[in-house]
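Have a look at the structure below before the remarks.
Residue numbers start at 1 and run along the sequence shown.
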Amino acid sequence: MCRWAAYLGAPIFMEEVVVQPGHSLIQQSQEAEEAKTAINADGFGVAWYDQRPEPGLYRDVLPAWSDPNLRAIAHQVKSRLFLAHVRASTGSATSRNNCHPFAYRQWSFMHNGQIGGFDQFRKQADMLIPDALYHKRQGATDSEVLFLLMMDAITRGATVPRALEQATRALLDLSHNSGTAPHLRLSAALSDGTSLWAARCASDQYAPSVYYRWSESRQGWAVVSEPLDRDEDDWVCLPPGHIAQFNGRDVTVVPFQP
């Protein structure tokens with residue numbers, strides 16, 4: 001299971017989330033505490049927003065802790081909104097195209113979890129992607145299919161919560177018909193360059209963790225798989241079966257039931 005962290009607020013250097021905290025995302029890539037596996041060594045990625053509508057994107061297949069380029073980029077890049085991810089594969093190959101975040105136009109997306117038995121129905125899942133978006137299918141993960149199905153729903157007018165519900169439900173149905181249990185475990189983060197959304201759900205009682213916290217000193221939201229500092233006790237746990245939208249200083253939490 002992967003680990004991820006996102007930030008929305010006043011511009012900060014990415015290293016303030018990715019590198020510097022005591023339980024930073026790089027630290028979590030070696031010692032995750034709330035995941036099935038402690039090591040997340042199957043690649044990493046960051047997506048960040050600055051002057052253009054589309055996010056910058058850097059992904060590679062090395063473990064996050066062993067790539068000096070990631071530390072250099074995180075040290076230099078200052079952003080008001082970014083997503084960062086360290087990957088532990090649930091079956092697909094370790095390749096750059098399989099690393100998160102994924103991006104399309106102004107959107108960026110990252111995911112932790114699994115659609116049970118995805119390899120058994122990957123062809124059927126790929127066939128759900130409309131022709132207009134299929135050229136964006138570069139890798140082999142269930143996460144990328146989920147993202148492209150969301151993008152299709154949003155293009156057709158769905159809100160982000162409904163788009164994520166529809167996309168998740170489509171893959172969940174395939175898992176029930178042709179896959180294996182657990183059919184769904186999901187935590188995900190998504191942004192359009194202005195707002196940030198985070199969701200958490202599962203088909204059993206083991207929904208992957210999501211926490212969030214407003215920092216007065218940074219004037220921003222951190223939204224994470226695991227708290228970045230063990231000595232901070234004001235992290236809020238997103239309840240399973242819910243999706244949160246972060247916009248400015250506001251957060252709105254609503255049910256999310258695919």
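- His176 places no side-chain N or O within 3.5 Å of a backbone atom of Leu174 that could act as its donor or acceptor partner.
- Rounding to the nearest 0.5 Å places OH of Tyr7 at 11.5 Å from CH2 of Trp221.
- Taking 4.5 Å as the limit, every side-chain heavy atom of Val145 sits out of range of all side-chain heavy atoms of Leu128.
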Stepwise side chain to side chain contact (heavy atoms under 4.5 Å, CB included) test for Asp229 and His23
CA-CA 5 Å; Asp229 290 291; His23 198 49; over 6 Å; no
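- Side-chain atoms of Arg213 do not come within 3.5 Å of backbone N or O of Ala222 as any donor-acceptor pair.
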Asp60/Phe44 under side chain to side chain contact (heavy atoms under 4.5 Å, CB included): CA gap, chis, key distance, verdict:
CA-CA 6 Å; Asp60 212 336; Phe44 66 85; 3.9 Å; yes
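- Not one N or O on the side chain of Asn98 forms a donor-acceptor pair closer than 3.5 Å with the backbone of Thr94.
- Cation-pi geometry between Lys78 and Phe13 is met: under 6.0 angstrom from the ring centre, within 45 degrees of the axis.
- Panel note: side chain Gln106, backbone Ala103; no donor-acceptor pair is recorded below 3.5 Å.
- Among all heavy-atom pairs drawn from Asn97 and Gln138, the shortest one is ND2-O, 3.4 Å.
- The distance from the CG atom of Leu184 to the CG atom of Leu171 is 9.0 Å, given to the nearest 0.5 Å.
- Arg96 places a side-chain N or O within donor-acceptor distance of the main-chain N or O of Arg59, the cut-off being under 3.5 Å.
- With salt bridges taken as basic N to acidic carboxylate O contacts below 4.0 Å, none links Arg71 and Glu15.
- Under the 3.5 Å distance criterion, with hydrogens and angles disregarded, a donor-acceptor pair is assigned to the side chains of Trp4 and Ser187.
- Within the 4.5 Å cutoff, the side chain of Glu54 has no heavy atoms near those of the Arg105 side chain.
- Residues passing the salt bridge (charged side-chain N to carboxylate O under 4.0 Å, His left out) test with Arg169, sequence neighbours excluded: none.
- Only one option out of Leu172, Asn112, Leu146, Val210 pairs with Leu186 in a side chain to side chain contact (heavy atoms under 4.5 Å, CB included); it is Leu146.
- Atom OH of residue Tyr104 and atom CZ of residue Phe147 lie 9.0 Å apart, to the nearest 0.5 angstrom.
- For the atom pair Cys201 SG and Phe256 CZ, the distance stands at 4.5 Å (nearest 0.5 Å).
- The two atoms that bring Arg200 and Cys237 nearest to each other are NH1-SG, 3.4 Å, heavy atoms only.
- Listed for the Asp192 side chain is a donor-acceptor partner under 3.5 Å among the backbone atoms of Ser195.
- Using modelled atom types, one finds no donor on one side chain facing an acceptor on the other under 3.5 Å when comparing Gln245 with Thr252.
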List, one per line, each side-chain donor-acceptor pair under 3.5 Å for residues 150-164, sequence neighbours excluded.
{"residue": "Asp152", "atom": "OD2", "partner": "Arg156", "partner atom": "NE", "Å": "3.2"}
{"residue": "Asp152", "atom": "OD2", "partner": "Arg156", "partner atom": "NH2", "Å": "3.2"}
{"residue": "Thr155", "atom": "OG1", "partner": "Met151", "partner atom": "O", "Å": "2.8"}
{"residue": "Thr159", "atom": "OG1", "partner": "Arg162", "partner atom": "N", "Å": "3.3"}
{"residue": "Arg162", "atom": "NE", "partner": "Glu165", "partner atom": "OE1", "Å": "2.9"}
{"residue": "Arg162", "atom": "NH2", "partner": "Glu165", "partner atom": "OE1", "Å": "3.4"}
{"residue": "Arg162", "atom": "NH2", "partner": "Glu165", "partner atom": "OE2", "Å": "3.1"}

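- Expressed to the nearest 0.5 Å, how far CD of Gln28 lies from CD of Glu31 amounts to 10.5 Å.
- Aromatic ring centres of Phe82 and Tyr49 lie farther apart than the 6.0 Å criterion allows.
- Here the CG atom belonging to Leu149 is positioned 9.0 Å from the OG1 atom belonging to Thr168, to the nearest 0.5 angstrom.
- Looking only at distances, a side-chain donor or acceptor of Ser175 sits under 3.5 Å from a matching main-chain atom of Gly116.
- Side-chain contact between Ile26 and Ser24 is present, with heavy atoms from C-beta onward closer than 4.5 Å.
- Nearest heavy-atom pair, Gly179 versus Phe121, reported as atom, atom and distance to 0.1 Å: CA-CE2, 3.9 Å.
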Carefully, step by step, assess Ser178 and Gln120 under the rule side-chain hydrogen bond (donor to acceptor under 3.5 Å, both in side chains).
CA-CA 7 Å; Ser178 305; Gln120 301 170 36; over 6 Å; no
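- Judged as a side-chain contact (heavy atoms from CB on, under 4.5 Å), and not counting sequence neighbours, the contacts of Glu34 are Arg3, Ser209, Tyr211, Glu226, Pro227.
- Considering only residues two or more places apart in sequence or on other chains, Asp50 meets the side-chain contact (heavy atoms from CB on, under 4.5 Å) condition with none of them.
- Side chain to side chain, Gln219 and Glu216 meet the donor-acceptor criterion of an N or O pair below 3.5 Å.
- With sequence neighbours excluded, no residue satisfies side-chain contact (heavy atoms from CB on, under 4.5 Å) with Asp250.
- Side-chain atoms of His100 come within 3.5 Å of backbone N or O of His111 as a donor-acceptor pair.
- Qualifying side-chain contact (heavy atoms from CB on, under 4.5 Å) partners for Ile73, counting only residues two or more places apart in sequence or in other chains: Met14, Tyr58, Val77.
- Asp142 places a side-chain N or O within donor-acceptor distance of the main-chain N or O of Ile115, the cut-off being under 3.5 Å.
- Scanning all heavy atoms of the two residues, the minimum distance from Val253 to Ala244 falls at CG2-CB, 3.9 Å.
- Ser203 places a side-chain N or O within donor-acceptor distance of the main-chain N or O of His183, the cut-off being under 3.5 Å.
- The hydrophobic clustering, which links ILVMFWY residues whose side-chain heavy atoms are closer than 4.5 Å, places Met110 and Trp48 apart.
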